[in-house]
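Encoded as structure tokens, the structure appears first; notes follow it.
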Amino acid sequence: MESQYPRKKMATTAEPPIPTNYDRESELKAFDATKLGVKGLVDSGISQVPRIFIRTPGKSENPPNQAKTQFSFPVIDLHVVQKDPIRHKEVLEKVREAAETWGFFQVVSHGVSESVMEEMLVGVHGFFGQENEVRKQWYSRNLKRPFAYNSNFDLYAAPATNWRDTFYCIVAPMAPNPEDLPPPCRHILLEYSKEVMSLGNTLFELLAEGLGLNPNHLKEIGCTEGLVIFGHCYPECPQPELTMGTSQHADNDFLTVLLQDHIGGLQVLHQNQWVDVPPTPGALVVNIGDLLQASLSCYTIRKNL
């Protein structure tokens with residue numbers, strides 16, 4: 001499972017010509033060496049987006065204003081789902097249908113308290129709002145650390161850099177020492193992880209049961225053992241038409257539980273069209289990850305042999 005904090009997604013409409021003497025690798029290294037990320041650029045008062053962030057849209061990347069609105073993004077109420085047999089059956093069918101047709105859905109009445117979600121957002125803001133010299137102490141590309149922060153994990157491999165900074169925190173299967181976490185989000189990372197893990201157990205039970213499996217099947221094959229929390233920061237961009245906060249991607253995990261703020265901008269690909277995911281108060285977005293799809297595909301193949 002994974003929890004993220006998204007902001008406005010930005011898309012390209014134009015791209016300046018590439019200078020003949022442009023050295024992308026040197027610019028990437030210089031940016032990385034600051035250890036201040038995109039927020040550091042914004043804090044410095046830049047008025048133009050650096051070349052490393054400028055992108056050319058792919059054929060499947062529609063600008064946000066072309067997002068289709070005829071679809072209604074699935075919202076599933078999990079209230080008393082484990083206690084009421086009738087509600088359980090109704091929710092089970094909704095989860096199965098949303099997972100099969102969308103791969104995404106929102107959940108409400110999910111058991112993660114509103115105060116914890118609000119405090120998690122405050123904690124993310126608090127981390128990225130620290131003074132530069134304090135924040136840069138946590139900057140690292142060593143993802144084996146219990147907590148690391150940087151800008152773009154694929155900085156040196158991606159064709160264009162996203163306008164985004166991210167922290168990464170491993171909280172399960174082994175909880176980190178609180179002293180290894182930054183003070184602005186130290187307590188809430190641990191508290192939030194407990195409630196999201198509980199929600200994850202419920203979701204994996206529903207997904208397994210919706211597939212006709214034993215409710216504990218996905219737990220038994222290890223899908224619920226790990227939890228990584230990502231916190232994203234999308235600073236205000238001086239030229240949002242030239243770059244993007246999060247480029248098109250699929251999540252390489254079992255399940256993603258996503259906490260949005262009120263700004264929005266998140267889109268998912270459905271029936272070959274980009275669809276807005278509206279920020280819904282109190283809701284969490286659930287995304288079926290690549291590993292879960294692969295695990296279920298293997299199960300289906302074995303079952304049919």
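Residue numbers start at 1 and run along the sequence shown.
- Two residues are said to be in side-chain contact when any heavy atoms from C-beta on lie closer than 4.5 Å; Glu27 and Pro50 meet this criterion.
- Between Val268 and Phe73, the shortest heavy-atom distance links the atoms CG2-CE1, 3.8 Å.
- The hydrophobic clustering, which links ILVMFWY residues whose side-chain heavy atoms are closer than 4.5 Å, places Val38 and Leu36 apart.
- The shortest non-hydrogen separation linking Leu207 to Ala99 is CD2-CB, 3.9 Å.
- Put simply, SG on Cys237 and CD on Gln239 are 7.0 Å apart, with the number rounded to the nearest 0.5 Å.
- Shortest non-hydrogen contact noted between Ser151 and Arg164 is OG-O, 2.8 Å.
- Using a distance-only test at 3.5 Å, with no hydrogens or angles considered, no donor-acceptor pair links the side chain of His125 to the main chain of Gly123.
- Partners of Asn150 by side-chain contact (heavy atoms from CB on, under 4.5 Å), not counting sequence neighbours, listed by chain and number: Tyr139, Arg141, Phe153.
- Of all heavy-atom pairs spanning Cys223 and Leu292, the tightest one is SG-CD1, 4.5 Å.
- The ring-ring contact (aromatic ring centres under 6.0 Å, His included) check on His270 picks up Phe71, Trp102, with sequence neighbours excluded.
- Side chain of Asp154 to main chain of Ala157: no donor-acceptor pair is present (N/O by atom type, distance under 3.5 Å, no hydrogens or angles).
- Summarising the geometry, atom NE2 belonging to His187 is positioned 11.0 Å from atom CE belonging to Met120; distances are rounded to the nearest 0.5 Å.
- Closest of all the heavy-atom pairs between Pro215 and Ala208 is O-CB, 3.9 Å.
- A chain of hydrophobic side-chain contacts below 4.5 Å, direct or via other Ile, Leu, Val, Met, Phe, Trp or Tyr residues, connects Val107 to Val81.
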Worked check of side chain to side chain contact (heavy atoms under 4.5 Å, CB included) between His110 and Met117: CA-CA 12 Å; His110 40 62; Met117 291 191 292; 3.8 Å; yes

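- Using a distance-only test at 3.5 Å, with no hydrogens or angles considered, a donor-acceptor pair links the side chain of Arg135 to the main chain of Gln130.
- Ser140 meets the side-chain contact (heavy atoms from CB on, under 4.5 Å) test with Asn142, Arg145, Ala148; sequence neighbours excluded.
- For the side chain to side chain contact (heavy atoms under 4.5 Å, CB included) with Gln260, the lone residue among Val285, Leu284, Leu121 that qualifies is Val285.
- A search for side chain to side chain donor-acceptor pair (under 3.5 Å) contacts involving Glu100 returns Arg96, not counting sequence neighbours.
- Residues that satisfy the side-chain contact (heavy atoms from CB on, under 4.5 Å) test with Glu195, not counting sequence neighbours, are Val112, Ser113, Val116, Glu191.
- Contacts of Thr280 classified as side chain to side chain donor-acceptor pair (under 3.5 Å), with partners at least two apart in sequence or in another chain: Gln106.
- A heavy-atom distance below 4.5 Å is found between the side chains of Ile54 and Val49.
- Cluster membership check: Leu206 shares its hydrophobic cluster with Leu291, using side-chain heavy-atom separations under 4.5 Å among Ile, Leu, Val, Met, Phe, Trp and Tyr.
- When all heavy atoms of Ile46 and Trp163 are compared, the pair lying nearest together is CD1-CH2, 3.8 Å.
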Hey, mind stepping through Lys29 and Glu25 against salt bridge (charged side-chain N to carboxylate O under 4.0 Å, His left out) and telling me if it holds? CA-CA 6 Å; Lys29 289 181 178 179; Glu25 184 175 356; 3.3 Å; yes

With side chain to side chain contact (heavy atoms under 4.5 Å, CB included) as the criterion, how do Gln293 and Ile288 come out once you've worked through the C-alpha distance, each side chain's angles and the decisive distance to 0.1 Å? CA-CA 7 Å; Gln293 292 187 59; Ile288 307 299; 3.9 Å; yes

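- No side-chain heavy atom of Val95 sits under 4.5 Å from any side-chain heavy atom of Glu93.
- Interatomic distance, CD of Glu119 versus CG of Leu189, reported as 10.0 Å (0.5 Å rounding).
- When the side chain to side chain donor-acceptor pair (under 3.5 Å) test is applied to Lys39, the partners found at least two apart in sequence or on another chain are Asp43.
- Looking only at side-chain heavy atoms (C-beta outward), Arg87 and Val91 come within less than 4.5 Å of each other.
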Could you walk me through whether Leu258 and Leu266 pass side chain to side chain contact (heavy atoms under 4.5 Å, CB included), step by step? CA-CA 10 Å; Leu258 179 66; Leu266 178 66; 3.3 Å; yes

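- Panel note: side chain Arg24, backbone Ile52; a donor-acceptor pair is recorded below 3.5 Å.
- One finds the CG atom of Leu213 at 10.0 Å from the CD atom of Glu209 (value rounded to the nearest 0.5 Å).
- Legend: residues meeting side-chain contact (heavy atoms from CB on, under 4.5 Å) with Ala98, ordered by chain and number and at least two apart, are Pro74, Ile76, Phe105.
- Under the 3.5 Å distance criterion, with hydrogens and angles disregarded, a donor-acceptor pair is assigned to the side chains of Asp251 and Thr256.
- Shown here are the ring-ring contact (aromatic ring centres under 6.0 Å, His included) partners of Phe147, two or more places apart in sequence or in another chain: Phe127, Trp138, Phe167.
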Distance-only donor-acceptor pairs under 3.5 Å for side chains of residues 170-183, two or more places apart:
unit_1, atom_1, unit_2, atom_2, d
Asn177, OD1, Glu179, N, 2.9

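- Side-chain atoms of Asp77 come within 3.5 Å of backbone N or O of His79 as a donor-acceptor pair.
- Side-chain atoms of Asn152 and Thr161 include no donor-acceptor pair closer than 3.5 Å.
- Under the 4.5 angstrom side-chain criterion for Ile, Leu, Val, Met, Phe, Trp and Tyr, the cluster partners of Val108 are Val75.
- Between His232 and Tyr234, the ring planes lie perpendicular to each other; the angle is over 60°, past the 30° to 60° tilted range.
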Does the ring pair (Phe, Tyr, Trp, His ring centres under 6.0 Å) test come out yes or no for Phe230 and Tyr149, once each step is laid out? CA-CA 9 Å; Phe230 292 91; Tyr149 134 73; over 10 Å; no

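- Once rounded to the nearest 0.5 Å, the distance linking OG1 of Thr34 with CG of Asn132 reads 9.0 Å.
- The closest side-chain heavy-atom distance from Leu41 to Phe53 is below 4.5 Å.
- No side-chain heavy atom of Gln137 sits less than 4.5 Å from a side-chain heavy atom of Lys35.
- Here Ser193 pairs with nothing under the side chain to side chain donor-acceptor pair (under 3.5 Å) rule; sequence neighbours left out.
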Could you go through the side chain to side chain contact (heavy atoms under 4.5 Å, CB included) check for Leu269 and Trp274 one step at a time? CA-CA 5 Å; Leu269 193 62; Trp274 290 105; 3.8 Å; yes

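- Arg51 CZ to Tyr22 OH: the interatomic distance, rounded to the nearest 0.5 Å, is 6.0 Å.
- Contact check for Leu255 versus Thr224: no side-chain heavy atoms found under the 4.5 Å cut-off.
- In this structure, Asp32 and Leu155 have side chains that are in contact, with non-hydrogen atoms separated by less than 4.5 Å.
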